[in-house]
**Q** 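Okay, handing you the structure first.
Note that the structure is predicted; figures quoted are calculated from it, not measured. The chain is numbered in sequence order, starting from 1.
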Amino acid sequence: MTALTGKKGLVVGIANRDSIAWACARALHAAGAEIGATWQDEKARPHVEPLLDEIGASLRLPLDVRDPAQMQALFDAAAARWGRLDFVLHGVAFAPRQDLQGRVVDSSPQGFGLAMDISCHSFIRMARLAEPLMASGGSLMTLSYLGASEVMPQYGIMGPVKAALESATRYLAAELGPSGIRVNAISPGPIATRAASGIAAFDALVADSERRSPISGLGPADVGPLCAFLASDGARAISGCTLFVDGGHHILN
């Protein structure tokens, strides 16, 4: 694949080799893109930096999305190195375990607010910083889940948070579309990642999806090609969408 040759972009949210964001980074690189990527903190760095070596990531920085200075530094570095951005993948999500594993009605204001800030509003902040670097258009992508539109067992407050993320995707698409910037959410099926490990009975959720989905046996590598396509010029007319990569699980009730 060479559809992304010459394109430059950022991937945020790689935690380890099992991350969906890592599968997307690999697919973007394989399609010819030059990648910049981040690790959350020094604890995560030893798990992430060797992966960035594999794809020759030319820009690599720490990024806690709650830190405005680190966020600004990332986009300033992209501007200094490339002078533009063609795509950004936001693959960050978090909720405190107590709030995630409890009932939505019992969630704390602090936990709900933190989940919303990290998992949703950080994408809006990235879009604002990316906009001036996408003068010739670009692609902003984020990762969602079926729990945004369906009540999924044990998904807790991440359901409302992902619903907000998908709504934000549509509003950003409407606001940035006149500048040629398209905004989409990718919705994989339940995949065993470090982030998903905090969801109670997640193994049962995966097993149910495997049993009932028309196409089973999916993993992070199945998400990467869609990400690469959305970053390409072939997707220039696709915006404001939530695109499922779940083997058809979302069509079942």
Side-chain angles (χ1 to χ4, degrees), residues 1 3-4 9-33 35-40 44-57 60 63 65 87-95 118-119 123 139-148 152 154-155 158 162 165-166 169 184-199 201-232 235 241-250:
M1 293 177 62
L4 300 181
L10 300 174
V11 175
V12 174
I14 300 173
N16 53 39
R17 192 172 293 276
D18 296 325
S19 297
I20 295 173
W22 166 238
C24 291
R26 288 184 64 192
L28 290 160
H29 170 70
I35 306 293
T38 66
W39 52 83
Q40 182 181 352
R45 184 172 182 172
H47 302 284
V48 177
E49 200 156 31
L51 302 178
L52 305 188
D53 291 338
E54 289 184 24
I55 60 172
R60 48 183 81 183
L63 178 62
V65 296
F87 61 85
V88 175
L89 173 67
H90 169 273
V92 182
F94 174 80
I118 292 176
S119 311
F123 183 48
S139 177
L140 299 173
M141 299 165 283
T142 189
L143 298 177
S144 188
Y145 177 58
L146 182 59
M152 301 301 292
Q154 311 300 330
Y155 200 51
M158 286 307 297
K162 290 293 190 180
L165 178 64
E166 290 188 8
T169 295
N184 292 289
I186 299 170
S187 184
I191 294 174
T193 64
R194 191 180 73 174
S197 66
I199 300 172
F202 184 75
D203 289 345
L205 192 65
V206 173
D208 178 69
S209 177
E210 282 287 305
R211 183 174 61 254
R212 299 198 301 128
S213 298
I215 301 172
S216 61
L218 304 182
D222 297 293
V223 184
L226 176 57
C227 179
F229 171 68
L230 289 175
S232 74
C241 298
T242 297
L243 298 103
F244 292 94
V245 194
D246 64 355
H249 183 72
H250 68 282

**Q** Not counting sequence neighbours, which residues clear ring pair (Phe, Tyr, Trp, His ring centres under 6.0 Å) with Phe94? List them please.
**A**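 For Phe94, no residue satisfies ring pair (Phe, Tyr, Trp, His ring centres under 6.0 Å) once neighbours in sequence are set aside.
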**Q** Could you pull out all residues at least two apart from Arg17 that satisfy salt bridge (Lys or Arg N to Asp or Glu O under 4.0 Å)?
**A**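 Partners of Arg17 by the salt bridge (Lys or Arg N to Asp or Glu O under 4.0 Å) criterion, ordered by chain and then number, come out as Glu54.
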**Q** Contact between Trp39 and Leu51 at the side-chain level, heavy atoms closer than 4.5 Å - yes or no?
**A**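 No. Closest side-chain heavy atoms not under 4.5 Å.
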**Q** List for me each residue that meets side-chain hydrogen bond (donor to acceptor under 3.5 Å, both in side chains) alongside Arg60, sequence neighbours excluded, and say none if there are none.
**A**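 Checked Arg60 against side-chain hydrogen bond (donor to acceptor under 3.5 Å, both in side chains); matches are Asp53.
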**Q** Atom CG of Leu52 and atom NE2 of His29: how far apart are they, to the nearest 0.5 Å?
**A**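 The CG atom of Leu52 sits 11.5 Å away from the NE2 atom of His29.
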**Q** For Ser232, check side-chain contact (heavy atoms from CB on, under 4.5 Å) against everything at least two apart and list the hits.
**A**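 Scan of Ser232 (side-chain contact (heavy atoms from CB on, under 4.5 Å), adjacent residues dropped) gives Ala3, Leu4, Phe229.
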**Q** For the residue pair Leu28 and Ala228, what are the closest heavy atoms and their distance?
**A**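 Answer, listing the atom of Leu28 first, then Ala228: CD2-CA, 3.8 Å.
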**Q** What I'd like to find out is whether the side chain of Leu146 reaches to under 4.5 Å of the side chain of Tyr155, using heavy atoms alone.
**A**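 No, their side chains stay 4.5 Å or more apart.
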**Q** Can you list the residues that meet the side-chain contact (heavy atoms from CB on, under 4.5 Å) rule with Thr38, with sequence neighbours excluded?
**A**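 Per chain and number, Thr38 pairs via side-chain contact (heavy atoms from CB on, under 4.5 Å) with Val12, Leu63, Leu74.
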**Q** Test side-chain contact (heavy atoms from CB on, under 4.5 Å) on Thr169 and Thr242 and set out the steps.
**A** CA-CA 8 Å; Thr169 295; Thr242 297; 5.8 Å; no
**Q** Taking side-chain contact (heavy atoms from CB on, under 4.5 Å) as the definition, give me every residue that meets it alongside Ser139, ordered by chain and number, with sequence neighbours left out.
**A**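 Testing Ser139 for side-chain contact (heavy atoms from CB on, under 4.5 Å), a comparison that skips the adjacent residues, returns Phe87, Met141, Arg182, Leu230.
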**Q** Search all heavy atoms of Leu89 against all heavy atoms of Cys24 and return the closest pair with its distance.
**A**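 Nearest heavy atoms, Leu89 then Cys24: CD2-CB, 3.4 Å.
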**Q** State, to 0.1 Å, how close Ser119 and His90 come at their nearest heavy-atom pair, and which atoms those are.
**A**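 Taking Ser119 first and His90 second, the nearest heavy atoms are O-CE1, 3.4 Å.
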**Q** Identify the heavy atoms of Ala15 and His47 that sit nearest to each other, and give their distance.
**A**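 Nearest pair, atom of Ala15 first, then His47: O-CB, 3.6 Å.
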**Q** Please name all residues satisfying side-chain contact (heavy atoms from CB on, under 4.5 Å) with Ala23, sequence neighbours left out, ordered by chain then number.
**A**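 For Ala23, the residues satisfying side-chain contact (heavy atoms from CB on, under 4.5 Å) (neighbours in sequence not counted) are Pro220.
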**Q** Atom CZ in Phe123, atom CG in Leu143: separation rounded to 0.5 Å?
**A**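 Reported to 0.5 Å precision, the distance equals 9.5 Å.
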**Q** Between Pro214 and Gly247, what is the shortest heavy-atom contact and its length?
**A**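 Pro214 and Gly247 have their closest heavy atoms at CD-O, 3.1 Å.
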**Q** Does Gly189 offer a backbone N or O that forms a donor-acceptor pair with the side chain of His249 under 3.5 Å?
**A**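 Absent.
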**Q** For a 4.5 angstrom cut-off between non-hydrogen side-chain atoms, does Asp246 reach Ser213?
**A**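 A side-chain contact under 4.5 Å is absent here.
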**Q** Calculate, to the nearest 0.5 Å, the distance between atoms CG and OG belonging to Leu226 and Ser187 respectively.
**A**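 These two atoms lie 10.5 Å from each other.
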**Q** If you take all heavy atoms of Ile118 and Ala93, which pair is closest and at what distance?
**A**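 Shortest heavy-atom separation between Ile118 and Ala93 comes out as CG2-C, 4.4 Å.
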